[in-house]
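To keep things clear, I will list the structure first and then write my remarks on it.
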Amino acid sequence: MAGYARRGVHGQTVETIAHRVLSGRIGEGATLDLGALQDELGVSLTALRESLKVLAAKGMVDARQKRGTFVRPRADWHLLDADVLRWQFESLDGGPAAGAGNPLLGDLDEVRGIVEPAAVRLAARRRTQDDLAALDAALEVMGQDGEDGAAHAVEADLAFHGALLRASHNELLQRMDLVIAAGLGYRDRLVHGTGRHPKDPVPSHRAVLDAVRAQDPDGAESAMRMLLDQAARDLGRIRKGR
């Protein structure tokens, strides 16, 4: 686990309960048995309540007199929260094919198709030398073989797409990195972790960078759409077990 799990017992408790809610193991409307959870997880009641406050702040649980602590409807969850997004992807099971077919990845594809082509158009107009240096650095890492191939590829891809959003110099678009990165990281781990050697990502990413460097908005958008099409094809092959 990442994120909260690095924060000791408190963080592990937050993540454990979050995964159970997001996977449906604890359903919407269910009342939590705090005593049973306390015994099972081996934490104090105070630590458990502090963990539940984190989930309450993310819209996932609530507490009322006479009813106790319960899971709120999904419509109330803060789905764009970076932790909630990450937990949703981490809660998936059933192997790569099932993960690749999850509707949440389809939602991510649609969001990326709306956001990233528009962002690279702005990046082509507004990019600075610092932006280009960040993109060059990410692309260079992408072309290298790391000790952990899958993790290396994921890190490089996230760095590249984050740098593109920052190059738009639109603060709200830059914040979309929090949304895209959670799903993109999961998607990349699926693609690179199957042992099936996906198509070399460097040329498609370089085409985007070249157009941004040349301050060619149309070319940048076209290259980004081709990159996103390739990403969809990669997932499609996993769904089909190829």
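Treat the numbers as computed from the prediction; the structure is a model and nothing was measured. The figures that follow rest on heavy atoms only: side chains count, while hydrogens, waters and symmetry mates do not.
- A continuous path of ILVMFWY side-chain contacts below 4.5 Å connects Met142 to Leu132, so both sit in one hydrophobic cluster.
- When the side chains of ILVMFWY residues are joined at heavy-atom separations under 4.5 Å, either directly or via intervening members, Ile114 and Leu122 end up in two distinct hydrophobic clusters.
- Sorted by first then second residue, the side-chain hydrogen bond (donor to acceptor under 3.5 Å, both in side chains) pairs that include residues 204-213, not counting sequence neighbours, are Asp136-Arg213, Asp157-His205, His161-His205.
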Could you please spell out the steps behind the side chain to side chain contact (heavy atoms under 4.5 Å, CB included) verdict for Leu32 and Leu52?
-> CA-CA 10 Å; Leu32 302 181; Leu52 291 170; 3.7 Å; yes

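- For the atom pair Leu45 CG and Asp39 CG, the distance stands at 10.5 Å (nearest 0.5 Å).
- Distance alone, capped at 3.5 Å, is enough to place a donor-acceptor pair between the His78 side chain and the Ala57 backbone.
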Apply the test salt bridge (Lys or Arg N to Asp or Glu O under 4.0 Å) to residues Arg86 and Asp83: give CA-CA distance (whole Å), side-chain angles for both, the deciding distance (0.1 Å), then the verdict.
-> CA-CA 5 Å; Arg86 176 174 58 81; Asp83 289 320; 3.3 Å; yes

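- A distance of 15.0 Å separates CZ in Phe160 from CD in Glu155, rounded to the nearest 0.5 Å.
- At a threshold of 4.5 Å between side-chain heavy atoms, the hydrophobic network of Ile, Leu, Val, Met, Phe, Trp and Tyr places Leu48 and Val61 in one connected group.
- Leu184 and Val202 are not part of a single hydrophobic cluster, where members link through side-chain heavy atoms under 4.5 Å apart.
- Judged by distance alone, the side chain of Arg72 and the main-chain N or O of Asp62 form no donor-acceptor pair under 3.5 Å.
- Leu158 and Leu135 are not part of a single hydrophobic cluster, where members link through side-chain heavy atoms under 4.5 Å apart.
- Ser51 meets the side-chain contact (heavy atoms from CB on, under 4.5 Å) test with His10, Thr13, Val14; sequence neighbours excluded.
- Contact annotation: the side chain of Arg49 approaches that of Leu34 to within less than 4.5 Å [non-hydrogen atoms, C-beta and beyond].
- Using a 4.5 Å heavy-atom threshold, the side chains of Leu105 and Tyr186 count as touching.
- Look at Glu171 and Arg166 and you find no salt bridge, because none of the NZ, NE, NH1 or NH2 atoms lies under 4.0 Å from a carboxylate O.
- The shortest non-hydrogen separation linking Leu55 to Ala18 is CD2-CB, 3.9 Å.
- In summary, Arg126 and Asp131 do not engage in a salt bridge, as defined by a charged side-chain N under 4.0 Å from a carboxylate O.
- In plain terms, the two heavy atoms of Gln144 and Glu140 that are nearest each other are CG-O, 3.2 Å.
- Nearest heavy-atom pair across Val208 and Met224 is CG2-N, 3.7 Å.
- When every heavy atom of Ala47 is checked against every heavy atom of Val43, the shortest pair comes out as CB-CB, 4.3 Å.
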Audit row: Arg125, Glu221, salt bridge (Lys or Arg N to Asp or Glu O under 4.0 Å) steps and yes/no = CA-CA 12 Å; Arg125 297 188 182 103; Glu221 178 181 352; over 6 Å; no

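- Going from atom CG of Leu178 over to atom CG of Asp81 covers 9.0 Å, rounded to the nearest 0.5 Å.
- A distance of 12.0 Å separates CG in Leu173 from CZ in Arg175, rounded to the nearest 0.5 Å.
- Looking only at distances, no side-chain donor or acceptor of Ser222 sits under 3.5 Å from a matching main-chain atom of Asp218.
- Taking CG of Leu165 as the reference point, atom CG of Asn170 lies at 9.5 Å (rounded to 0.5 Å).
- Cation-pi check for Arg67 over Phe70 is met; the charged atom lies under 6.0 angstrom from the ring centroid and within 45 degrees of its normal.
- Closest non-hydrogen pair, Ala211 versus Ala124, comes out as O-CB, 4.3 Å.
- For the atom pair CD of Gln230 and CG of Leu227, the computed distance is 8.0 Å after rounding to the nearest 0.5 Å.
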